[in-house]
Asker: 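Structure below; questions to follow.
Treat the numbers as computed from the prediction; the structure is a model and nothing was measured. A, B, ... follow the sequence lines: proteins, then strands. Residue 1 opens every chain.
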Amino acid sequence: MLDMKFIRENMELVAESMKNRGLKSTALDDFEELDEKRRDILYNVEQLRHRRNVASDKIGELKRAGEDVTPMINEMKDVSDRIKEYEEKLKEVEEELEKILLGIPNIPHESVPVGETEDDNTVVRKWGKPREFDFEFKPHWEIGEELDILDFERGAKVTGTRFTFLKGAGARLERGLINFMLDLHTKEHGYSEIFPPFMANSASMTGTGQLPKFAKDMFKIENNDYYLIPTAEVPVTNLYQEEILEAEQLPIYHTAYSACFRAEAGAHGRDSRGIIRQHQFNKVEMVKFVHPEESFNELEKITNDAEEVLQKLGLPYQVVTLCTGDLTFSSAKTYDLEVWLPAYDTYREISSCSNFEAFQARRAGIRYRPEPDAGTEYVHTLNGSGLAIGRTLAAILENYQNEDGSVTVPEVLRPYMGIDKIT
RNA sequence: GGAAGGAUGGGUGAGUCCGGCUGAAACCGCUCGACUCGAAAUCGAGUAGAUACCUAACCGUGUCUCGAGGGUUCGAAUCCCUCUCCUUCCGCCA
């Protein structure tokens with residue numbers, strides 16, 4: 001959510017940023033009108049309330065002195081009625097305004113390229129060279145099925161499409177990857193580990209920006225105000241919801257493993273084979289709470305932290321800056337890490353690192369006190385996947401496959417796996 | 001699932017029966033100042049958030065907020081209703 005005052009004072013900028021994202025900015029006209037209306041009503045109602053407060057004090061005083069206050073009370077009845085009328089109008093306007101506000105996306109940072117689709121994303125850097133195969137290589141789902149470590153059919157039988165069983169060395173690889181990533185981030189990158197709930201309520205979902213706009217992308221629990229989390233970002237960012245942090249607590253770095261649940265509405269037919277797009281997948285997430293001046297430095301750092309996972313695993317990747325049209329709703333700037341997948345003959349997203357600036361903090365009420373006696377300010381929040389486990393596993397199967405159908409275990413995972421080859 | 005108790009500022013906690021003089025005592029913490037070579041101790045002062053208006057800004061003024069929402073009332077932390085969460089006991093359960 002953007003600051004109302006900021007929108008009021010920067011109408012053109014907000015309108016332009018929405019245009020760059022490929023959105024209509026008609027909501028802004030409504031905003032302007034409602035905002036003015038709200039402040040007008042507010043002025044009137046506050047005047048009346050002031051009158052009422054003064055009179056109420058007076059009535060109390062007179063009553064204690066034993067005087068007759070009936071005429072005054074009768075007069076104030078009328079004032080109270082008028083206040084009630086104004087309050088109802090105010091509530092209407094504020095609800096309308098809130099709706100508009102929650103629908104306005106974050107403003108892309110000036111360094112974000114203007115563009116419409118993912119084709120307009122710019123490649124920042126590449127690491128590693130895609131492997132040249134001297135044999136017929138296979139996609140990960142074939143490798144996985146032949147090694148009997150991925151079971152798609154039974155996943156579909158037991159639950160449904162886009163659910164998969166990992167078995168034997170596959171299950172161990174999944175678990176090894178989780179542990180490897182958590183160990184790396186906690187021991188070498190200074191993150192403290194969180195194990196969050198896998199469900200969160202609608203206030204939290206609104207805090208990080210999933211609600212109200214993206215309800216259909218999530219799984220909702222029946223008879224409860226709970227949603228299955230689409231990412232650990234939700235519970236971890238909301239850890240400090242409605243809290244005021246002390247300046248010296250910042251920056252806070254958290255890393256968390258969680259299962260992630262996504263309805264994948266509108267993705268019918270896309271990536272239907274393999275484990276690239278599942279309704280449930282595992283992910284190790286990194287979340288940061290930082291001083292506003294530091295957030296863009298921190299974005300570079302969090303991206304590097306995610307990159308190091310790929311480097312240690314020896315997986316070729318590229319870093320792209322998402323253009324304005326591809327940028328997610330809450331983000332001011334996002335780097336995607338894309339890993340090389342031979343069977344797809346392209347780089348595919350495996351991590352997304354974003355700076356949300358104060359956008360989430362404002363929604364979630366996460367503030368800090370810059371100086372001991374100063375007023376509060378919103379922190380900046382960031383997050384990055386470090387990494388999506390399923391896609392990492394797919395990348396390992398494809399990039400480390402051997403001609404005989406076996407898969408070599410990357411060096412750094414051997415302590416976690418206890419074997420150096422999956423056969 | 002059953003029974004009881006509770007939710008007040010950064011923390012502890014009074015106020016709630018008997019509505020107005022309480023945006024909130026007291027203590028702790030924190031900040032600043034005094035004292036000190038420095039520190040501790042002591043003493044003094046300050047110390048909630050949001051928002052509207054004013055201002056270049058500081059300041060100032062008003063309004064709202066005592067778990068959330070609604071009601072009664074001229075007036076609600078205080079009375080009534082609904083909901084949420086927490087604690088304890090019983091039952092059940094990994």
Asker: For the residue pair A:Y257 / A:E193, report whether a side-chain donor-acceptor contact shorter than 3.5 Å exists.
Answerer: no
Asker: Would you say the side chains of A:S295 and A:H380 form a donor-acceptor pair under 3.5 Å?
Answerer: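 Indeed, the side chains of A:S295 and A:H380 share at least one donor-acceptor pair under 3.5 Å.
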Asker: Counting only side-chain N and O atoms of A:R8, is one of them less than 4.0 Å from OP1 or OP2 of B:rA52?
Answerer: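 It does, given that an N or O in the side chain of A:R8 lies less than 4.0 Å from OP1 or OP2 of B:rA52.
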Asker: Sequence neighbours left out, what passes salt bridge (Lys or Arg N to Asp or Glu O under 4.0 Å) with A:R175? Give chain and number order.
Answerer: none
Asker: Report yes or no: do A:Y416 and A:D183 form a side-chain donor-acceptor pair below 3.5 Å?
Answerer: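 Looking only at side-chain atoms, A:D183 and A:Y416 do form a donor-acceptor pair, the distance falling under 3.5 Å.
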Asker: Hydrogens and angles aside, do A:Y191 and A:D305 bring a side-chain donor and acceptor to less than 3.5 Å of each other?
Answerer: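 Yes - a donor-acceptor pair under 3.5 Å links their side chains.
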Asker: I'd like the C1' distance from B:rC18 over to B:rA77, given in whole Å.
Answerer: 16 Å
Asker: Tell me, what's RNA chain B's dot-bracket, Watson-Crick or G-U with both distances under 3.5 Å, | for other-strand, [ ] crossing?
Answerer: ((((((((.[[[..)....(.....]]]((((((.......))))))((((((......)))))).[[[[[..)....]]]]])))))))....
Asker: What does nucleotides 65-85 of chain B look like as a protein-contact string, B for base, S for sugar-phosphate only, - for none, at under 4.0 angstrom between heavy atoms?
Answerer: -----S-S-BS---------S
Asker: Start at the 5' end of RNA chain B and walk down; is the nucleotide closest to A:D35 or to A:E61 reached first?
Answerer: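 Going by which nucleotide is closer to the 5' end, it is A:E61.
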Asker: Does any donor atom in the side chain of A:D336 or A:S352 lie under 3.5 Å from an acceptor atom in the other side chain?
Answerer: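 Looking only at side-chain atoms, A:S352 and A:D336 do form a donor-acceptor pair, the distance falling under 3.5 Å.
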Asker: Taking for each residue the nucleotide of RNA chain B with the nearest heavy atom, is it A:R367 or A:Q47 whose nucleotide lies nearer the 5' end?
Answerer: A:R367
Asker: Does the side chain of A:E98 come within less than 4.5 Å of A:L102's, by heavy atoms?
Answerer: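 They are in side-chain contact.
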Asker: Classify the nucleic acid contact of A:D225 as base, sugar-phosphate or nothing, counting any heavy atom under 4.0 Å across all strands shown.
Answerer: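 Touches nothing.
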Asker: To the nearest Å, how far apart are A:M4 CE and B:rA52 P?
Answerer: 6 Å
Asker: Identify whether any heavy atom of A:R82 sits under 4.0 Å from a base atom; if not, whether one sits that close to sugar-phosphate; answer base, sugar-phosphate or nothing.
Answerer: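 Touches nothing.
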Asker: What do the steps show when you test A:E61 against A:R64 for salt bridge (Lys or Arg N to Asp or Glu O under 4.0 Å), and what is the final call?
Answerer: CA-CA 5 Å; A:E61 216 174 287; A:R64 252 171 284 133; over 6 Å; no
Asker: Of A:R38, A:K37, A:K89, A:K99, which meets side-chain hydrogen bond (donor to acceptor under 3.5 Å, both in side chains) against A:E94?
Answerer: A:R38
Asker: Looking at the side chain of A:R39, which of B:rA52, B:rG49, B:rC21 is the nearest nucleotide?
Answerer: B:rA52
Asker: Measure CG/A:L42 against P/B:rA50 and give the value in whole Å, please.
Answerer: 16 Å
Asker: Using OP1 and OP2 only, check whether a side-chain N or O of A:H50 sits under 4.0 Å from B:rG62.
Answerer: no
